[in-house]
Amino acid sequence: MPTSTIPIDAILHTLTEAFPDHPMNEVTKNPYEVLIGCIISLRTKDEVTIPACQRLFPIAPTPEAMVTLPLKTIQKLIYPAGFYKTKAETIKNISQTLLDDYNGQVPNTIDELITLKGVGRKTANLVVGLGFGLPAICVDTHVHRICNRLGYIRTKTPEDTEMRLRKKLPAELWSIINWVLVRHGQELCKPIGARCDACPVEQHCRKVDVKARKAPKTAKPLR
DNA sequence: AAAACGGGGGC
DNA sequence: GCCCCAGTTTT
C-alpha cells in the first residue's frame, strides 16, 4: 500500500526523541524571559546565549526590574553573546514599552509582539510558541530546506513554507518544528554535505536537492 | 530582494 | 584576518 504522503508526524516524533526541547525552554518558560532570551540569542549560538540568560534573568526577571538596571550592567551580563550594546538597549527599550503600553505583561499575539522595536516575525513566533505554549511556526532556512528536502512541500521561500505549513500541518505539531527541524538542520540535514548516514528519518526522506560536499581539489595548476 | 547593521567565536 | 550566525531594519 504505497502512499504518496510523507509521514510528517512520524518524522517529527522520531526527531523529537533526538531533540526533546528547545534550549530556551530549558532555561525558562516565562514569556518575558523567553522574549529577552530571544533578543540575546540574535545571531548567537545557544551555548553562549544560555549562560548569558542565566546571568541576567535572576537579576532582572521582570520588566520592572530590568528598567532599573543601568545599561552598562546589562551589557556586562550579556557581553559574550555579541552585539551587546544594541541588545542591551533593545532589552531595556522593550521592557519600558511593556510597562508603558502593556501593563508590564508580554502580549501573546504575533501582531502585538512585532510592534516592539527589535522584535520581528521569528522572535514573535518563538515567544508565542515557547513562552505561551500556543501554536506558532518559526520558519527559517533550516525548516524551509528540510521540508522541501523531505518532499513534504515544494516552496520557493521560507515565507511560502510558513504559509503552506499553516495549511498542511496540524496545529498541535506547529511549535515543535521550531526547534526539532532547526536542530536537525544544524547537526545532520545540512545545506551541503548532509549526514544522511546518521539520519534517524532517512527512510522517509525523498532527498530532494541533497547536495554532496564538493570533492576537494586535488591539485592547483602550477605555472 | 538585497544590503546594512552589529560583534564574538571558530578556524 | 575572514567568514559564519535560529535576525531586524532600512533601502
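The sequence lines fix the lettering, A, B, ..., with proteins before strands; numbering per chain opens at 1.
- Note on A:Lys117: only backbone sugar-phosphate atoms sit closer than 4.0 angstrom, heavy atoms only; bases stay farther off.
- For the residue pair A:Glu112 / A:Thr109, a side-chain donor-acceptor distance below 3.5 Å is found, with atom types taken as modelled.
- The listed nucleotides are B:dG8, C:dT8, B:dG6; the one nearest the side chain of A:Thr123 is C:dT8.
- Each of A:Leu130, A:Thr123, A:Ile91 was evaluated against A:Leu35; a single residue qualifies, A:Thr123, per the side-chain contact (heavy atoms from CB on, under 4.5 Å) test.
- Across C:dC5 and B:dA1, the matching P atoms stand 22 Å from one another, rounded to whole Å.
- Annotation: C:dG1 and B:dC5 have their P atoms spaced 22 Å apart (nearest Å).
- Nucleic acid contact class of A:Ile39 (heavy atoms, under 4.0 Å, all strands): none.
- When both pairing distances are held under 3.5 Å, C:dC3 makes a Watson-Crick or G-U pair with B:dG9.
- The side chain of A:Arg43 sits closest to C:dC5 out of C:dC5, B:dG8, B:dG7.
- There is a side-chain donor-acceptor pair under 3.5 Å between A:Thr157 and A:Asp160.
- Between A:Ile91 atom CD1 and C:dT8 atom P there is a gap of 14 Å when expressed in whole angstrom units.
- Using a 4.5 Å heavy-atom threshold, the side chains of A:Leu169 and A:Ile177 count as touching.
- Within 4.0 Å (heavy atoms only), A:Val143 reaches no atom of the nucleic acid at all.
- Rounded to a whole Å, the CD1 atom of A:Ile40 is 14 Å from the P atom of C:dT8.
- Rounded to a whole Å, the OH atom of A:Tyr79 is 10 Å from the P atom of B:dG7.
- Whole-Å rounding puts the A:Arg121 CZ to C:dT9 C1' distance at 15 Å.
- Here the closest heavy-atom approach between residue A:Thr28 and residue A:Phe57 is recorded as CG2-CE1, 3.9 Å.
- Contact annotation for A:Pro158: no contact, since no heavy-atom pair falls under 4.0 Å across all strands.
- OP1 and OP2 of B:dG6 both lie 4.0 Å or more from every side-chain N or O belonging to A:Tyr84.
- When distances are taken from the side chain of A:Pro80 to each of C:dT8, B:dG9, C:dC5, the shortest belongs to B:dG9.
- Between A:Lys85 atom NZ and B:dG8 atom P the separation is 9 Å, expressed in whole Å.
- Each of A:Gln186 and A:Gly118 has a nearest nucleotide on DNA chain C; the 5'-most of these lies closest to A:Gln186.
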I'd like to know whether A:Thr44 forms a side chain to side chain donor-acceptor pair (under 3.5 Å) with A:Thr49, so could you lay out the CA-CA distance, the side-chain angles of the two residues, the decisive distance to 0.1 Å, and finally the verdict.
CA-CA 6 Å; A:Thr44 303; A:Thr49 301; 5.0 Å; no
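- Regarding A:Glu159, its CD atom lies at a distance of 12 Å from the P atom of C:dG7, rounded to whole Å.
- The nearest whole Å value for the distance from the NZ atom in A:Lys45 to the C1' atom in B:dG9 is 9 Å.
- The distance between atom NE2 of A:His142 and atom P of C:dC5, rounded to the nearest whole Å, is 7 Å.
- In this structure, A:Leu42 and A:Glu47 both approach DNA chain B, and ranking their closest nucleotides by distance from the 5' end singles out A:Leu42.
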